[in-house]
Amino acid sequence: MRIMGIDPGIAIVGFGVIDKQGSRLVPVQYGCIQTEAHTDGALRLKTVYDSMVQLIDKYKPDAVAIEKLFFNRNVTTAMTVSQARGVLILAAVQQGLEIGEYTPLQVKQAVVGYGKAEKKQVQEMVKLFLHLSAVPKPDDVADALAIAICHAHSAVLLQKINEVRKP
């Protein structure tokens, strides 16, 4: 199973593609989509959408895992990130991909085993799980890989739940 993890944003969208081969997790590619700060918001969303479509076409994931948004401070940031998250999900759904959505707490729990883990702990576990020589930068990329790992750990359970729900 090939999983693309996404850490949504408007300035930086982290992505990480991993293959789940039995119990092994193998990194395929990771990086980020970046948009220019003083560009019109609609054009930034188009860049995010077009880049996501290109990544899906190139890496052909079986599933996309994306972080659910949790904001407690800046409403303006929450709105723009929500819009970016929407176009990212749209790009995946249009390709017929399964979508997994995870809260930061769920990601930390799946990767570190503790829902209140520090960002540095998550990053180190990503490095260990994927046998990387260094923690991926920027942080958004490591977060995207953590989201993909979370989905890899949850995918079997989610598949069984979906099978039970089908009429």
Side-chain angles (χ1 to χ4, degrees), residues 1-34 48 52 55-56 59 61-89 91-93 97-165:
M1 171 182 246
R2 180 163 285 183
I3 303 163
M4 178 182 284
I6 301 292
D7 183 33
I10 192 67
I12 300 174
V13 176
F15 75 89
V17 181
I18 64 171
D19 284 342
K20 184 176 192 303
Q21 300 171 345
S23 62
R24 288 185 58 227
L25 299 176
V26 180
V28 175
Q29 185 59 274
Y30 48 89
C32 59
I33 300 165
Q34 295 182 292
V48 167
M52 181 66 172
L55 289 170
I56 290 169
Y59 296 107
D62 300 305
V64 170
I66 190 164
E67 189 174 61
K68 284 186 180 178
L69 297 182
F70 173 78
F71 284 93
N72 58 3
R73 287 182 224 127
N74 190 331
V75 174
T76 304
T77 301
M79 293 301 286
T80 57
V81 174
S82 294
Q83 290 173 333
R85 186 175 180 278
V87 300
L88 290 160
I89 290 172
V93 168
L97 296 174
E98 168 193 326
I99 308 288
E101 300 178 82
Y102 302 95
T103 65
L105 182 97
Q106 289 171 311
V107 174
K108 290 175 183 179
Q109 189 99 37
V111 176
V112 180
Y114 177 61
K116 294 185 180 180
E118 298 291 324
K119 188 178 250 335
K120 190 152 184 70
Q121 290 174 295
V122 174
Q123 292 171 343
E124 284 301 318
M125 289 304 293
V126 164
K127 180 179 143 190
L128 287 171
F129 270 119
L130 299 176
H131 306 287
L132 302 173
S133 59
V135 172
K137 296 290 180 197
D139 290 351
D140 312 78
V141 177
D143 291 347
L145 286 166
I147 295 161
I149 292 167
C150 177
H151 187 75
H153 290 165
S154 305
V156 173
L157 178 61
L158 288 172
Q159 186 176 4
K160 289 182 184 201
I161 289 169
N162 288 334
E163 287 171 5
V164 170
R165 288 183 181 167

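Position 1 is the first residue of the sequence; numbering continues from there.
The minimum heavy-atom distance between Asp7 and Ala144, with the atom names listed, is N-CB, 3.8 Å. Nearest heavy-atom pair, Ala84 versus Gly9, reported as atom, atom and distance to 0.1 Å: CB-O, 3.1 Å. Scanning all heavy atoms of the two residues, the minimum distance from Met1 to Ala63 falls at CE-CB, 4.4 Å. Residues Ile3 and Ala65 approach most closely at CG2-CB, 4.4 Å, considering heavy atoms. In plain terms, the two heavy atoms of Ile99 and Ala92 that are nearest each other are CD1-CB, 3.4 Å. The minimum heavy-atom distance between Ala152 and Lys20, with the atom names listed, is O-CE, 3.1 Å.
When side chains are defined from C-beta on, Val126 does not count as touching Gln123, because their heavy atoms never get closer than 4.5 Å. Annotation: side chain of Leu88 is not in contact with side chain of Val64 (no heavy-atom distance under 4.5 Å). By the 4.5 Å heavy-atom criterion applied to side chains, Arg85 and Lys68 are counted as neighbours. Contact of the Leu97 side chain with the Met4 side chain is not registered, since no non-hydrogen atoms from C-beta on lie closer than 4.5 Å. Two residues are said to be in side-chain contact when any heavy atoms from C-beta on lie closer than 4.5 Å; Ile147 and His151 fail this criterion.
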Could you give me the CA-CA distance, side-chain angles and deciding distance for Met52 and Ile56, then say whether side chain to side chain contact (heavy atoms under 4.5 Å, CB included) is met?
CA-CA 6 Å; Met52 181 66 172; Ile56 290 169; 3.9 Å; yes

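The CD1 atom of Ile33 sits 6.0 Å away from the CD1 atom of Ile6 when rounded to the nearest 0.5 Å. A distance of 5.0 Å separates NZ in Lys119 from CG in Asp139, rounded to the nearest 0.5 Å. To the nearest 0.5 Å, atoms CG (Leu105) and SG (Cys150) are separated by 10.0 Å. Rounded to the nearest 0.5 Å, atoms CD (Glu101) and CD1 (Ile66) are 7.5 Å apart.
A salt bridge is defined here as a Lys NZ or Arg NE, NH1 or NH2 lying under 4.0 Å from an Asp or Glu carboxylate O, and Asp19 with Arg24 fails to meet this definition.
Environment of NZ in Lys120: sparse, with no more than 12 heavy atoms of neighbouring residues, nucleotides or ligands closer than 6.0 Å. Within 6.0 Å of CD on Gln29 lie more than 12 heavy atoms contributed by other residues, nucleotides or ligands.
No close placement of the His153 and Tyr102 rings is indicated, their centers lying 6.0 Å or farther apart.
Asp140 contributes no side-chain N or O that, together with a main-chain N or O of Val13, makes up a donor-acceptor pair within less than 3.5 Å.
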